[in-house]
Amino acid sequence: MGASAPRARVTARVSSGALKWPPMTDTASALPFSTSRRGAVHRWSRTLIPTMRDAPADAELPSHIFLTRAGYIRKVGAGVYDYLPLAKRVLTKIETIIREELDAAGACEMLVPHIVPIELYAGTKRDIDYGDLLMRFTDRHGREAALGPTHEEIVTEMLKGSVNSYKQLPLNVYQIQTKFRDEFRPRAGLLRGREFIMKDAYSFHLTLEGEGGLNDTYDAMYTAYVNTFRRCRLDFSVVEAEAGPIGGSASHEFMVNCETGEDTIMVCPESGYAANVEKCEIGERAYAFDEGPVADLKTNHTPAMPGIELVAEHLGTTPDGMLKTIVMQPAGEVNADGNGGPRWVLAVVRGDHEVNEGKVRDAVGFAVEMADEKAARDAGFAIGYVSPRAATMIEGCILVIDPDASGLRADWATGSDKADHHDTGFNWTRDFAGELPASGSAGPDKQVQTGSVKVADIRNAISGDPSPRAAGSSLEARRGIEVGHIFKLGTKYSDAFEFSVLDAQQQRQPVIMGCYGIGVSRTMAACVEMSHDENGIIWPAPVAPYHALISLVKPEDEASQQACEQIARELSERGVDVLVDDRKERPGVKFKDADLIGIPVRVTIGPKTLEKGGAEVKHRREDGFGELVTIDDVAERVSVRLRDA
RNA sequence: CGGGGUGUAGCGCAGCUUGGUUAGCGCGCUUGACUGGGGGUCAAGAGGUCGGGAGUUCGAAUCUCCCCACCCCGACCA
């Protein structure tokens, strides 16, 4: 603002009543910086908190319902929300915690554009990997671009232009900004939006190990994340995870332990091992192929039955009595068609289990993907009705069997390798023409092979599976909300962008990268999921929009105003953020709203409390009136209550 | 992307089957009065392109067609 600009009025005149606002201390300092943080003091009547008695019909989860009802967020479109003043304050607090922890871990903040020219994806093919999830647009000149879902490309490109010596490494940069993903199905309010606030960090290294290596920074970031989520008072688990479409080698997810979460994680209560379902290993399981037949092989007509449930019912069995045979093929460039390599991979699991592509890849030693349906049909597979026998009838097949789908059961129901038919009474020993391995057991690091038949762990873990880390212990499934994810990326992006530096021996070395994300808006929602009751939100103090709420039962009462002003000033000086409910509403309305918006400590001032000698102080979790405290002692009392909030 | 569903006031809904006064109800909002510690009472008000377009009809929120938006389940997914 220029010197000639009219001076803004600091104190707006209050329409009635004589509250001076904001309460000024005599140190209205001229310093351009603050020596100690003074808490904000805001009036409810002068901010925007549109509370609602009813939640919108589409809100189902507590975080969605309460954030909407309490006036934090408002829906603009599918998966797109306004952040109103209360929400913005929470987001800022979460961001501040993140900044403090990341800065302490040696990262530095920057900002890159939301708009990513599509050519930047040329090297990494992420425009294809991300597919429709990428929010694309074309500008007036016909140039294609995307709104960034993350910014590996643009950051790598930026660093490439400014870093060319090993002496400039390691480097760890981060930003906090809005990200975009065109979700097929946004849902659950802030938990899965198409536009969301995310902190993303990228680190660059010459080496993996040693000082300044990726592992060092990865560990520092791991610690920073633990600190961050602890400071948000979240109950969370750190789980091992697959790197996913972002590519790379190792990663951990930070999952808030919450039943309403969308993600399933597997934990071993004995060893503490935790992993997401896709990544989770399963302990050793027995398999066998020596059970003799107990029933005749019979072919049944099963037309027009989508889903294994229906087929099982029709055959008089259940999904766990069926074999599911999935036809896969070598993925991408690994496709060995034409040079004698395997052309198909048949993965066999029990009907109630799910094939895990990553595990199949590990079992056969090359990447696989679902077979192209047309090509598979042309090769002779009766897609939808395939049995393990197809492996012996069609050229170039590798058969991989999950232990639970082995001959532990003497008669299986399975496809008949012809359309609209399923067999019952299938017995591995009698009905499979190929050679089968001897009985034994297979675990995560162990697979058994005979010719082109393997037995290996190739399915997603489920609750009750043996733990891979503690013999005799079982895995348990829990739900979680993913709020953080850290990856060791390796050289995927630096290779693609030819980002390399000269090392001390004047050798050109590709830069090794890590990347680290935190869902900021999702973290806010996770806090609400974790901490609420039937009346509304209960914020943990470190992320609460205000620490204390002063409810004026009778706002026009002068004595109440004076007490409020004193308390607000003293709290502010202590660094406590204060919201004063100065609305001319009935007490019942104010208390209901107070519970809804969830400020941790409430101070109630009214003629009656003053008559009794002070104000009432209570924590959001407590019912009723709270403790009576003299006005002079309120600030201290509130501070104490906040300390353990 | 498959299946199902919904669009009527800021929010929650009724009306549509069987077309026909001025499109209703609750909450919220405005004004006034009485009230005054857990969404109070009474009175008077404001607020609507009935998602959009086309059609049928003397007449459409209502029937037909097309489009759009949104939601749920599934599949997918940091």
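As the structure is a prediction and not an experimental result, all values here were calculated from the model. Lettering follows sequence order; numbering is per chain, from 1.
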Original post:
A:R53 has an atom CZ; how far is it from atom P of B:G40, in whole Å?
Top reply: 6 Å
Subject >> For atom CG of A:D82 and atom P of B:G10, their distance in whole Å >> reply: 16 Å
Original post:
Which value, in whole Å, describes the distance between the C1' atoms of nucleotides B:G40 and B:G28?
Top reply: 15 Å
Subject >> A:R583 CZ to B:G28 P, straight-line distance once rounded to whole Å >> reply: 13 Å
Original post:
Is A:R192 touching bases, backbone alone, or none of the nucleic acid, heavy atoms closer than 4.0 Å?
Top reply: base
Original post:
Which value, in whole Å, describes the distance between the P atoms of nucleotides B:G20 and B:C13?
Top reply: 24 Å
**OP:** Give A:E60 one of three labels, base, sugar-phosphate or nothing, depending on what nucleic acid heavy atoms sit under 4.0 Å from its own.
**Re:** sugar-phosphate
**OP:** Would you mind classifying the nucleic acid contact of A:A55 as base, sugar-phosphate or nothing, using non-hydrogen atoms under 4.0 angstrom?
**Re:** sugar-phosphate
Subject >> Nucleotide nearest A:M198 (side chain, heavy atoms from C-beta), chosen from B:A78, B:G12, B:G10 >> reply: B:A78
Subject >> B:U56: pairing nucleotide in any strand, Watson-Crick or G-U under 3.5 angstrom >> reply: none
Subject >> Gap in Å between the two P atoms, one belonging to B:G10 and one to B:U30, rounded >> reply: 15 Å
Original post:
Is there a donor N/O on one and an acceptor N/O on the other, under 3.5 Å, for the side chain of A:R187 and the base of B:C71?
Top reply: no
Original post:
Passes side chain to side chain contact (heavy atoms under 4.5 Å, CB included), A:M110 versus A:Y174? Steps please.
Top reply: CA-CA 6 Å; A:M110 43 124 222; A:Y174 74 94; 5.9 Å; no
**OP:** Identify, between A:P607 and A:A57, the residue whose nearest nucleotide on RNA chain B lies closer to the 5' end.
**Re:** A:A57
Subject >> Length of the CD-P vector between A:E622 and B:G38, whole Å >> reply: 18 Å
Original post:
When A:S251 is tested against each of A:E240, A:H485, A:K488 for side-chain hydrogen bond (donor to acceptor under 3.5 Å, both in side chains), which residue passes?
Top reply: A:H485
**OP:** Could you work out which one of B:G12, B:C70, B:G38 sits closest to the side chain of A:A78?
**Re:** B:C70
Subject >> Nearest-nucleotide pick for A:K75, side chain only, options being B:G39, B:C71, B:C77 >> reply: B:C71
Original post:
So does A:R522 reach the base of B:A78 with its side chain, donor to acceptor, closer than 3.5 Å?
Top reply: yes
Original post:
Would the number of heavy atoms belonging to other residues, nucleotides or ligands and lying under 6.0 Å from CD1 of A:I115 be above 12?
Top reply: no
Original post:
B:G38 pairs with which nucleotide, Watson-Crick or G-U wobble, both distances below 3.5 Å?
Top reply: none
Subject >> hbond_proxy A:E585 side chain to B:G39 base (donor-acceptor, 3.5 Å cutoff) >> reply: no
Original post:
Can you tell me the Watson-Crick or wobble partner of B:G2, both distances under 3.5 angstrom?
Top reply: B:C73
**OP:** Look at all strands and tell whether A:L596 reaches a base, only sugar-phosphate, or nothing, counting heavy atoms closer than 4.0 Å.
**Re:** base
Original post:
Given atom CG of A:D533 and atom P of B:G38, what is their separation to the nearest angstrom?
Top reply: 18 Å
Subject >> Selected nucleotide, minimal atom distance to A:R181 side chain, candidates B:G37, B:G36, B:A78 >> reply: B:A78
Subject >> Donor-acceptor pair (no angle test) under 3.5 Å: A:R586 side chain, B:G36 base >> reply: no
**OP:** Using a heavy-atom cut-off of under 4.0 Å over every strand shown, decide if A:S551 touches base, sugar-phosphate, or nothing.
**Re:** nothing
Original post:
Say you pick atom C1' in B:G47 and the same atom in B:C27; how far apart are they, in whole Å?
Top reply: 14 Å
Original post:
What's the closest nucleotide to the A:D595 side chain, out of B:G38, B:C77, B:A78?
Top reply: B:G38
Subject >> Distance, P atom - from B:U21 to B:C68, rounded to whole angstrom >> reply: 34 Å
Original post:
So what does A:G484 touch, heavy atoms closer than 4.0 Å: a base, only the sugar-phosphate, or nothing?
Top reply: nothing
Original post:
Looking only at atom P, what distance separates B:G12 and B:U22, rounded to whole Å?
Top reply: 29 Å
Original post:
Atom NE2 of A:H64 to atom C1' of B:C71: distance rounded to whole Å?
Top reply: 11 Å
Subject >> Residue met sooner reading RNA chain B from 5', once A:T51 and A:L133 are mapped to nucleotides >> reply: A:T51
Original post:
In the structure shown, which nucleotide is the Watson-Crick or G-U wobble counterpart of B:G12, with both distances under 3.5 Å?
Top reply: B:C25
**OP:** Specify the separation, in whole Å, of atom CG of A:D581 and atom P of B:G39.
**Re:** 15 Å
Original post:
With rounding to whole Å, what would you report as the distance between B:G19 and B:G26 at their C1' atoms?
Top reply: 28 Å
Original post:
Is there a donor N/O on one and an acceptor N/O on the other, under 3.5 Å, for the side chain of A:R602 and the base of B:G38?
Top reply: yes
Subject >> Below 4.0 Å: OP1/OP2 of B:G37 and any side-chain N or O of A:K608 >> reply: yes
Original post:
If you measure from the Lys or Arg side-chain nitrogens to the Asp or Glu carboxylate oxygens, is any gap between A:E262 and A:R192 under 4.0 Å?
Top reply: yes
**OP:** Figure out the CZ/C1' separation between A:R194 and B:C77, and round it to whole Å.
**Re:** 15 Å
Subject >> From CA spacing to verdict: salt bridge (charged side-chain N to carboxylate O under 4.0 Å, His left out), A:E585, A:R583 >> reply: CA-CA 5 Å; A:E585 283 289 351; A:R583 295 174 301 165; 5.0 Å; no
Original post:
Using the ring of each side chain (for Trp, its six-membered ring), is A:Y222 parallel, tilted or perpendicular to A:H252, with breaks at 30° and 60°?
Top reply: perpendicular
Original post:
Taking atom C1' in both B:G48 and B:A23, what distance in whole Å separates the two?
Top reply: 9 Å
**OP:** Please determine if A:K88 forms a cation-pi arrangement with A:Y83, meaning its NZ or CZ atom is less than 6.0 Å from the six-membered ring centre and no more than 45° off the ring axis.
**Re:** no
**OP:** Spell out yes or no: do the side chain of A:N535 and the base of B:G38 have one donor N/O and one acceptor N/O closer than 3.5 Å?
**Re:** no
Original post:
Thinking salt bridges, do A:D581 and A:R43 make one under a 4.0 Å N-O criterion?
Top reply: no
